[in-house]
Amino acid sequence: MVERQSPLEPEFHVGSHGNFEHGVEIILTETRPGSIVQLAAWPGEEKKLISGIRTVTGLALPDGAGGGLSDGVKSVFGFAPGKFTVADEAEGLAAAFARVVTPAIGTVTDLSHGRTAIRIAGPKAEWVLAKFFAIDFALPAFPVGAGRSTTHHDVFAQIQRTSADQFDIYVFRSFARSFWKALCHASEEVGYEVQ
């Protein structure tokens with residue numbers, strides 16, 4: 001695996017921070033997947049693209065924007081009609097998709113070099129994220145596996161709920177440090193730990 005320097009490094013301070021005297025309610029970390037790929041289907045080719053996602057990842061993605069799955073190693077979610085973000089701990093995902101998603105089906109864009117993946121977990125994860133995004137983070141409205149695409153002060157973010165109290169957020173590397181600092185600041189009130 002090619003080790004890329006984290007854009008969070010100068011601001012990534014392991015340990016407990018904020019008001020944690022009554023416990024830590026947020027865990028923040030950078031997940032560093034080996035591959036982050038964006039897939040887009042041409043109109044009418046969505047089902048073929050979804051089939052290709054299953055072939056490459058083994059994940060049976062539900063049809064439709066926003067649906068997704070995560071098995072702890074690979075994650076996929078739709079963020080717009082016919083558009084999907086796929087992440088894998090291993091490298092080489094873009095090459096694997098290039099063999100399955102032909103130019104007649106859609107496009108494959110490797111974003112591994114251009115995105116940073118931040119995980120927020122804990123009982124107050126929904127509450128902290130609601131400070132940033134005008135999205136209903138409650139479990140019925142944002143089920144496990146589902147994804148959303150949104151912005152916070154011009155910082156584009158793709159968010160996937162990977163468990164009941166855990167979200168993975170994909171942001172441009174150039175905005176990652178700024179977003180990380182804001183996320184840490186928003187978590188101070190309930191106490192957070194960086195791992």
Side-chain angles (χ1 to χ4, degrees), residues 1-9 11-12 26-41 49 53 56-57 59 61 65-94 96-97 101 106-122 125-126 128-135 137 142-163 165-184 186-187 194-195:
M1 180 169 148
V2 175
E3 192 66 30
R4 291 182 290 272
Q5 181 177 356
S6 170
L8 307 180
E9 207 166 273
E11 299 298 330
F12 194 89
I26 293 292
I27 305 292
L28 297 175
T29 193
E30 180 183 12
T31 62
R32 294 187 174 214
S35 298
I36 303 171
V37 176
Q38 181 175 301
L39 305 170
L49 182 62
I53 291 170
V56 172
T57 66
L59 299 174
L61 185 66
L69 293 167
S70 178
D71 67 5
V73 175
K74 296 177 184 143
S75 297
V76 59
F77 62 94
F79 64 90
K83 295 184 178 182
F84 303 89
T85 296
V86 187
D88 190 343
E89 286 185 8
E91 293 182 352
L93 193 59
F97 275 116
V101 179
T107 62
V108 177
T109 307
D110 188 353
L111 302 176
S112 305
H113 64 288
R115 298 289 190 273
T116 298
I118 297 170
R119 177 168 289 158
I120 179 171
E126 290 178 9
V128 170
L129 289 175
K131 291 180 173 185
F132 291 90
F133 306 107
I135 292 175
F137 286 99
F142 198 149
V144 174
R148 304 288 184 266
S149 179
T150 187
T151 61
H152 171 70
H153 292 289
D154 296 327
V155 176
F156 176 69
Q158 293 178 318
I159 307 166
Q160 182 179 30
R161 181 180 224 133
T162 50
S163 73
D165 65 351
Q166 178 176 286
F167 298 86
D168 288 349
I169 307 165
Y170 301 91
V171 297
F172 290 115
R173 284 179 64 86
S174 56
F175 290 111
R177 188 178 311 156
S178 173
F179 183 76
W180 174 263
K181 287 172 67 173
L183 196 57
C184 290
S187 301
V194 174
Q195 296 181 344

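Owing to the predicted nature of the structure, the values given are computational and were not obtained by experimental measurement.
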If I compare all heavy atoms of [X] with all of [Y], which pair ends up nearest, and what's the gap?
X      : Y      : answer
Ala94  : Val37  : N-CG2, 3.7 Å
Ile118 : Ala176 : CD1-O, 4.5 Å
Ile36  : Asp110 : O-OD1, 3.3 Å
Gln195 : Thr29  : O-OG1, 2.6 Å
Phe97  : Ile53  : CE2-CA, 3.7 Å

Assess whether side chain to side chain contact (heavy atoms under 4.5 Å, CB included) is satisfied between Val86 and Asp88, documenting all intermediate values.
CA-CA 7 Å; Val86 187; Asp88 190 343; 5.8 Å; no
Ring geometry between His152 and Phe179 (parallel below 30°, tilted from 30 to 60°, perpendicular above 60°)
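Because their plane-to-plane angle is over 60°, the rings of Phe179 and His152 count as perpendicular.
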Donor-acceptor pair, distance only, cut-off 3.5 Å: does the side chain of [X] make one with the backbone of [Y]?
X      : Y     : result
Arg119 : Ile27 : no
Gln160 : Leu69 : yes
Ser35  : Ala90 : yes
Ser75  : Ala87 : no
Arg177 : Pro7  : yes

Just checking Lys181: does its NZ atom have more than 12 heavy atoms from other residues, nucleotides or ligands closer to it than 6.0 angstrom?
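Incorrect, the count does not exceed 12.
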Measure the spacing between [atom1] of [X] and [atom2] of [Y] and express it to the nearest 0.5 Å.
X      : Y      : atom1 : atom2 : value
Lys131 : Leu183 : NZ    : CG    : 10.0 Å
Phe137 : Ile159 : CZ    : CD1   : 4.0 Å
Thr85  : Gln158 : OG1   : CD    : 3.5 Å

Scan Arg32, Glu30, Arg173 and name whichever one has a side chain to side chain contact (heavy atoms under 4.5 Å, CB included) with Leu8.
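Output: one option passes, namely Glu30.
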Report yes or no: is the cationic atom of Arg148 (NZ for Lys, CZ for Arg) under 6.0 Å from the centre of the six-membered ring of Phe133, at an angle within 45° of the ring normal?
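No.
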Within the 4.5 Å heavy-atom criterion, are Arg115 and Phe172 side-chain neighbours or not?
yes
